[in-house]
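Notes for the one structure printed next.
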Amino acid sequence: MSDAQNKENQPLNRSLLTDGGYVTQEPIDLTNCDREPIHIPGRIQPHGVLLAVTKDSEHQIVQCSANSGDLLGRPVDELLGQPLEAIIGEEQLFTLLKGDLRAEATSDLQYTEVAIEVGEEIVDFFVVLHESEGLIILELEISSKEDDRIFNEFEWIRSFFNLVKQTSSRAEASQAAAEQIQDMLGYDRVMIYEFDQQWNGKVIAESKADGLEPFLGHNYPASDIPKQARALYLRNWLRVIVDVNYEPVDVLPAVQPLTGKPLNLSLSVLRSVSPLHIEYLHNMGVGATLTISLIHDNQLWGLITCHHYSPKYISHRLRNLCNFLGSFFSSELYQRQQLDSYEGELQLRKQALRISSIFTGATNAVRVAEQLQDEEETLLGLMSASGAAVSYQDKLLLYGVTPSPGQIRELAGWLGSRSRDYAYATSRLSLEYESAKAYKDKASGALYLAISPGQQNYIIWFRPEVVQVVDWAGDPAKAVIQEDDGVRLSPRKSFEKWRQVVQSTSLPWQNKELNILPELKSIVHQQTENQLRQIEDQALQDARTLRRNEQRYMQLMEMSPVAFFTLTNRHIIYSNNQAAELLGVGQSSELVGRDFLQFVQDNFKSDMISYLDQLEQNLIHMISNNSCFQNVEGESIKLELTLASISYGSKPSVMIIAREAQQEAGLTEAYTVMSDQLQSYMATDPLTDMPNRIAFEKKMLDDWYTAIQQNQQVSLLLIDIDDLREYNAIHGLNGGDLCVQWVGDVLNVVSSKYSADIARFSGGTFMMKIQGCAEEQVFELADEIRSNVLALQIPADMSNSGEYITVSVGGIILTPDPLMHPTDLILRAEEALMQAKNMGKNQVSFL
């Protein structure tokens, strides 16, 4: 494992908690709980015993917990002052102390076993060690393997990885993890809980025992986990409370001899819990807890919280596994979030291109109005808006729900005055602009974009006032409770949902929406004939690519020995004979035109509808699942399905491979082959057999994080065939296809020489990514591409003029920054390619 990966897997800050203005002389309640010194409670939980020994050669015991007589058979006064060797023997002492006990080296649960004579019996203990302010802390628990229900950690981890990796989103990955952890540990409830910027928490996934009230979607105020508790979660992957009703055990003497203060237990696994937190758990009826920290880049962003409604002990073996899972899942969920955001942004960029092309392609306001009317849904969906206003060449066009024209023109002046770089966004419009109070129900949120330098032309998207309802698990206001000794503040006694209403506010504008504004601005401001030709060429090429894919899909279905369906609008438009046999009809033609969902059993329909929705909207590209169907005779059959998002007949469609869940090995192998072939088709350009843009960008996203961790340079080249439009006009589209294939062959050879990744970007444009190469090598590669294509001597026309096909190359070389995204690299490479094109043909340009 690389150093970068190790760093990712061990992001803990293991420094001891020492300062912060902690309260030591006052009663702790909700007014001052964020200053409770929870790292120096002077007590531990009673399921283990604590010894503090000196670091010198004597290793003298200077503090121990008051339950030493119960667990070790030696009372405190008998242990204090004794060398540790007298308790565990010389050989075991040497074994314990030979490791690195510094705090920063013990982020994982590093435990071992020791045998100690207790009375007249030898008792096995688990022991965990760390260093604290000049002393070595030993925490011993009687060895228990009753909860080791997982006998093969490797197999379980592999299964966990596979299940999480197969999910298609961060939400699905979180849910799968919650279910797997509950299965592994056996807690009554497992929740995955994330923080917002104000440290309020929300349950984003939950797996629970039947009959328990669901907490999924509940929000919890920041006061539930005060800042010093979060600081300790940042220092320890794991926190266990075995029995919420435990009686704390004192550490004696109370003062640490080297510091004159209580023993610092910031990194202790037995540390006693805040009485306020215990009261909080009592209010919830919880009997035991286990909490796993979720950390990325040294920031605590969430927790995996396990609740049990009776006492529960978890062995060190399983705790070690939880440490590992916390590290893995912290990284995995962060990357899933990045991927979800990236894929969502890709979809928005496609929509932005559709809207921008209206302005770049049209020459008058009438034509713009006609096209925008056809694209109203796209215009509003681009920003998840309920209304939009477009001012173009003195015409004001309104879509959806908006303020009046007069109100909009007045508002546009105000927004334009506040805009920076042609844009301004607010989700609190009526709180910033007094006049907007008159129409806050229609426009509490506004996103302004000028589409001309003088801001005469603009687009404003509107969002209405949202009564934002947040389901709090109890009122986040601190409850005042009257008790016999007066009034004090206490954790909430009720966990009923509490509704917090925010007025005069819209849903916030998301980063993925704001991130596409530069693309909209750059495209709209470049209203040139050259760009129009590129758009037309792309549309033509996309149509030809779709036709080729349709031909490949048809060939795949015709040669298939397993059942195949193609759906458009949820209706079967194609099926083969195997599909007809599977559903109990005589001929495949009898299935054509039927609603596919009529064959899905009722209790599986909602899931199937969800899958089809996501595929048709290109939110996912491929998914596999098991569902129960019924054939035309009403007989139940369980099918294993692979569903893929395709375009068929220029319409969004879904292709399905199906087989009965239990079949002979031959058909199982055939199904696997067909599924693999379909997946390959979806990731491959049909003309060049190179990876397509979607597959390339997914791999680029994976490699991006590796480059960040390893501090590697990443280079991206865009290679575009010069004058391909004219070549198509002279040689025909088939001739143009051959030209693209020839250039692709050259690029394949060159890319293999430099270990570069390559894909067909679109039309006559290719992408090439190189990771870890020096700048000089990348410059040589770009020049080699240009010269090798020219060396093919593909005649540009039929006149023997001596002019040959050339390519332009645009490139960008940089070291990725965590704040950047791979799409930034692509946009900058496109800018470099445009520079090369502006220089003429057969040119290379780097930003």
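Residue indices begin at 1 and follow the sequence shown.
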Heavy atoms from other residues, nucleotides or ligands near NZ of Lys605 exceed 12 (cutoff 6.0 Å):
yes
Hey, is Lys699 close enough to Asp702 for a salt bridge, meaning N to O under 4.0 Å?
no
One should read off an interatomic distance between Glu465 CD and Asp441 CG, to the nearest 0.5 angstrom, of 7.5 Å
Measure across Ser624 and Thr642 and return the closest heavy-atom pair with its distance rounded to 0.1 Å.
OG-OG1, 3.3 Å
Do Phe596 and Phe629 make the cut of ring centroids closer than 6.0 angstrom?
yes
With heavy-atom distances below 4.5 Å as the criterion, would you say the side chains of Trp461 and Leu449 are in contact?
yes
Under 3.5 Å: donor-acceptor pair, side chain of Glu376, backbone of Gly400:
yes
Salt bridge flag under 4.0 Å for residues Glu513 and Arg463
yes
Do Leu583 and Ile637 make a side-chain contact, defined as non-hydrogen atoms from C-beta onward lying under 4.5 Å apart?
yes
Of all heavy-atom pairs between Leu398 and Ala389, which one has the smallest distance, and what is that distance?
CD2-CB, 3.8 Å
Quick one: closest heavy-atom pair of Leu348 and Lys512, and the distance?
CD1-O, 3.6 Å
Gap between atom CG of Leu447 and atom CE of Met383 - 0.5 Å precision
5.0 Å
Please evaluate residues Ile657 and Phe564 with respect to the criterion side-chain contact (heavy atoms from CB on, under 4.5 Å), reporting the C-alpha separation (whole Å), side-chain torsions for both, the decisive distance (0.1 Å), and the verdict.
CA-CA 5 Å; Ile657 313 173; Phe564 249 105; 3.6 Å; yes
Please check: side-chain N/O of Asn631 versus main-chain N/O of Glu633, any donor-acceptor pairing under 3.5 Å?
yes
Before accepting this row, confirm whether a basic side-chain N of the pair Arg570/Asp613 lies closer than 4.0 Å to the acidic partner's carboxylate O.
yes
For Gln175 and Glu206, indicate whether the former's side chain and the latter's backbone hold a donor-acceptor pair under 3.5 Å.
yes
First locate atom CD of Gln741, then atom CG of Asp689, and finally report the distance between them rounded to the nearest 0.5 Å.
8.5 Å
Inter-residue atom distance Met690.CE - Arg760.CZ, 0.5 Å rounding:
9.0 Å
Hey, does the side chain of Gln601 reach the backbone of Cys628 with a donor-acceptor pair shorter than 3.5 angstrom?
no
Which atom names give the shortest non-hydrogen contact between Ala580 and Gln587, and what distance separates them?
CB-C, 3.7 Å
Output yes when a side-chain donor or acceptor of Asn219 lies under 3.5 Å from a complementary backbone atom of Gly217, and no otherwise.
yes
Under a 3.5 Å threshold, yes or no: a donor from one side chain and an acceptor from the other, between Asn576 and Ser588?
no
Residue that, paired with Leu612, satisfies side-chain contact (heavy atoms from CB on, under 4.5 Å) out of Leu597, Asp607, Ile623
Leu597
With rounding to the nearest 0.5 Å, note down the distance linking CD1 in Ile572 to CG in Leu567.
6.5 Å
Straight-line distance of Glu616 CD to Leu643 CG, nearest 0.5 Å:
10.5 Å
Please examine the side chains of Arg170 and Glu194, heavy atoms only from C-beta on, and report whether any two atoms are closer than 4.5 Å.
yes
Candidate pair Ile721 and Phe766, rule side-chain contact (heavy atoms from CB on, under 4.5 Å), full reasoning
CA-CA 9 Å; Ile721 301 173; Phe766 301 82; 4.3 Å; yes
Ser645 side chain to Leu615 backbone, donor-acceptor under 3.5 Å
yes
So which heavy atom on Leu827 is nearest to which on Arg349, and how close?
CD1-NH1, 3.7 Å
Between Phe329 and Gln180, does a side-chain contact (heavy atoms from CB on, under 4.5 Å) hold up when you go through it step by step?
CA-CA 12 Å; Phe329 202 58; Gln180 288 296 296; over 6 Å; no
Of all the heavy-atom pairs spanning Leu396 and Ser391, show the shortest one and how long it is.
CD1-CB, 4.1 Å
Determine whether Asp757 and Lys769 satisfy the following criterion, side-chain contact (heavy atoms from CB on, under 4.5 Å), listing intermediate values before the conclusion.
CA-CA 5 Å; Asp757 295 319; Lys769 180 181 70 67; 3.3 Å; yes
